[in-house]
Q: 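Here you go, one structure.
The analysis underlying the following values was restricted to heavy atoms, covering all of them including side chains, and did not include hydrogens, waters or symmetry mates. On a predicted model such as this, the values are computed, not experimentally measured, just so you know.
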Amino acid sequence: MSLELADIVLGEFEAMALRTLEGQATELGWQRDTVTGLTPEDYLHLIMHKTCWYTTIHPLRVGAIVGSGGAADVRDMVRFGFHLGAAFQIRDDLLNLTGDVSLYGKENNGDPYEGKRTLALIHLIDQAAPEHRVFLEQYLSMERQDRTPEVVARLRSLLDSHGSLEFAAVYARRIASAALDAFGAAFAAASPGRDADFVRALIPYMLGRPS
């Protein structure tokens, strides 16, 4: 690898680290300030930085840069990587609530215990009746140790009764559909073959991860 190419790749790592830090800081700020008035667009902005940049966008861009010796136009990788990563993150949020821990490999209901503003929770806050919003605001203002299993169970019941999990699942499918559209532009210059097929196959995989 030439020094010029190495500098380009280093710049990609620096950009990825900055984006990820921005995302983590945003999420921690929402938790610290008990933020509730969020929209799906706010959530997507968060995961664009917190998840997508290091999980999908950065690897795609670096792979294209190194594989082409720096000649590839990687701008379209941002749109494809964002939609691919967003589908992954929304599915991950749902698995946290519904997945088999032996397959999922993480703590069940870890996001509710942490008070994370997932897409399902944002939907619930928007749809909940006033008496339920009082509970939700109290819930989000609690420290983790005060969120007992009984309190988390009540939150889960509200997520179920308001269709918030289904809302997130449908949203993820739409994001994945957008990823399929973006794939064509991102890999327009790539040679057809099993490598490109493998990347394209990641899109349905993100939605079908074992639960």
Side-chain angles (χ1 to χ4, degrees), residues 19-53 55-56 82-101 103-179 206-211:
R19 300 274 186 169
T20 304
L21 286 171
E22 289 172 346
Q24 292 289 354
T26 297
E27 182 170 59
L28 291 173
W30 288 354
Q31 292 173 271
R32 180 197 62 199
D33 299 334
T34 318
V35 175
T36 57
L38 298 170
T39 66
E41 289 73 25
D42 293 320
Y43 171 85
L44 292 177
H45 180 77
L46 170 71
I47 64 173
M48 170 70 162
H49 293 77
K50 178 195 167 193
T51 301
C52 300
W53 208 270
T55 302
T56 49
F82 163 66
H83 287 101
L84 182 66
F88 166 85
Q89 183 61 67
I90 298 170
R91 176 63 173 163
D92 196 65
D93 292 347
L94 290 170
L95 287 176
N96 187 266
L97 297 169
T98 64
D100 181 337
V101 68
L103 297 175
Y104 174 57
K106 297 181 183 179
E107 176 190 18
N108 282 126
N109 293 320
D111 290 344
Y113 277 110
E114 292 288 342
K116 290 186 177 181
R117 275 61 169 173
T118 62
L119 185 61
L121 181 58
I122 289 171
H123 175 268
L124 173 60
I125 294 170
D126 180 64
Q127 296 294 313
E131 64 271 19
H132 292 147
R133 287 190 183 181
V134 170
F135 162 73
L136 292 170
E137 289 175 1
Q138 292 173 341
Y139 182 92
L140 292 174
S141 67
M142 293 176 179
E143 298 294 332
R144 177 182 170 125
Q145 62 268 21
D146 297 324
R147 296 184 181 118
T148 64
E150 293 76 19
V151 172
V152 171
R154 183 180 177 189
L155 178 70
R156 284 297 318 279
S157 177
L158 290 173
L159 287 167
D160 291 335
S161 64
H162 285 77
S164 299
L165 302 185
E166 179 59 23
F167 170 83
V170 170
Y171 207 101
R173 290 194 290 270
R174 291 175 178 170
I175 289 285
S177 178
M206 294 303 187
L207 296 180
R209 293 165 59 209
S211 58

Q: To the nearest 0.5 Å, tell me how far Leu159 CG sits from Gln127 CD.
A: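 CD of Gln127 is found 12.0 Å from CG of Leu159.
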
Q: Search all heavy atoms of Phe88 against all heavy atoms of Thr51 and return the closest pair with its distance.
A: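 Closest heavy-atom pair between Phe88 and Thr51: CD2-CG2, 4.2 Å.
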
Q: As a test of understanding, state which of Leu155, Leu121, Thr36 forms a side-chain contact (heavy atoms from CB on, under 4.5 Å) with Tyr139.
A: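 Checked Leu155, Leu121, Thr36 against Tyr139; only one passes side-chain contact (heavy atoms from CB on, under 4.5 Å): Leu155.
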
Q: Working note: Arg117 + Ile125, criterion side-chain contact (heavy atoms from CB on, under 4.5 Å); need CA distance, chi angles, decisive distance, verdict.
A: CA-CA 10 Å; Arg117 275 61 169 173; Ile125 294 170; 5.7 Å; no

Q: Indicate the atoms forming the closest heavy-atom contact of Gly29 with Val35, along with that distance.
A: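 What the structure gives for the nearest pair is O-CG2, 4.4 Å.
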
Q: List the residues meeting ring-ring contact (aromatic ring centres under 6.0 Å, His included) with Phe167, not counting sequence neighbours, and say none if there are none.
A: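 Phe167 satisfies ring-ring contact (aromatic ring centres under 6.0 Å, His included) with His123, Tyr171 only.
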
Q: Please check if the side chain of Ser157 supplies one atom and the backbone of Ala153 the other of a donor-acceptor pair under 3.5 Å.
A: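 Not confirmed, Ser157 side chain does not pair with Ala153 backbone.
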
Q: Roughly how far, to the nearest 0.5 Å, is the OG atom of Ser161 from the CG atom of Leu124?
A: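 Interatomic distance, Leu124 CG to Ser161 OG, rounded to 0.5 Å: 7.5 Å.
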
Q: Rounded at 0.5 Å granularity, tell me how far CD in Glu137 sits from CZ in Arg133.
A: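 Spacing of CD (Glu137) from CZ (Arg133) equals 8.5 Å.
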
Q: Look at the side chain of Arg32 and the backbone N and O of Trp30, then say whether any donor-acceptor pair between them is shorter than 3.5 Å.
A: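 No; judged by distance alone, with no hydrogens or angles, the pair does not exist.
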
Q: Return the minimal non-hydrogen interatomic distance between Pro112 and Asn96, and the atom names on each side.
A: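 Between these two residues, the closest heavy atoms are CD-OD1, 3.6 Å.
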
Q: Is there a side-chain contact between Arg156 and Leu165 (heavy atoms, below 4.5 Å)?
A: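 Contact flag for Arg156/Leu165 side chains = yes.
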
Q: Specify the closest pair of heavy atoms between Leu119 and Asp93, including all atoms of both residues, with the distance to one decimal.
A: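 Smallest interatomic distance, heavy atoms only, reads N-OD2, 4.3 Å.
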
Q: Can you name the nearest heavy-atom pair linking Cys52 to Gly85, along with the distance?
A: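 It is SG-C, 3.6 Å.
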
Q: Look up atom CG in Asp92 and atom CD1 in Ile47, then write down how far apart they are to the nearest 0.5 Å.
A: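 Taking CG in Asp92 and CD1 in Ile47, the distance rounds to 10.5 Å.
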
Q: Rounded to the nearest 0.5 Å, how far does OG of Ser141 lie from CG of Asp33?
A: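 Nearest 0.5 Å value for the CG-OG distance: 12.5 Å.
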
Q: Of Glu27, Gln24, Glu22, which is the lone residue that meets side-chain hydrogen bond (donor to acceptor under 3.5 Å, both in side chains) with Lys50?
A: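 In the set Glu27, Gln24, Glu22, the residue that makes a side-chain hydrogen bond (donor to acceptor under 3.5 Å, both in side chains) with Lys50 is Glu27.
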
Q: Could you tell me the separation between the CE atom of Met206 and the OG1 atom of Thr55, rounded to the nearest 0.5 Å?
A: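 Met206 atom CE to Thr55 atom OG1 measures 8.0 Å (nearest 0.5 Å).
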
Q: Quiz question: by atom type and distance under 3.5 Å, do the side chains of Asp42 and Thr39 form a donor-acceptor pair?
A: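 Distance-only check passes for Asp42 and Thr39.
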
Q: Any side-chain heavy-atom pair from Arg147 and Met142 closer than 4.5 angstrom?
A: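 They are in side-chain contact.
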
Q: So, Arg144 side chain and Tyr113 main chain: donor-acceptor pair closer than 3.5 Å or not?
A: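 Not at all, since once roles are kept as given, no pair shorter than 3.5 Å links the two residues.
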
Q: Write down the atom of Gln31, the atom of Glu114, and the distance for their closest heavy-atom approach.
A: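 Closest approach of Gln31 to Glu114, heavy atoms only: NE2-O, 2.6 Å.
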
Q: Would you find a donor on one side and an acceptor on the other, under 3.5 Å apart, between the side chain of Arg173 and the backbone of Ala87?
A: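 Answer holds: no.
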
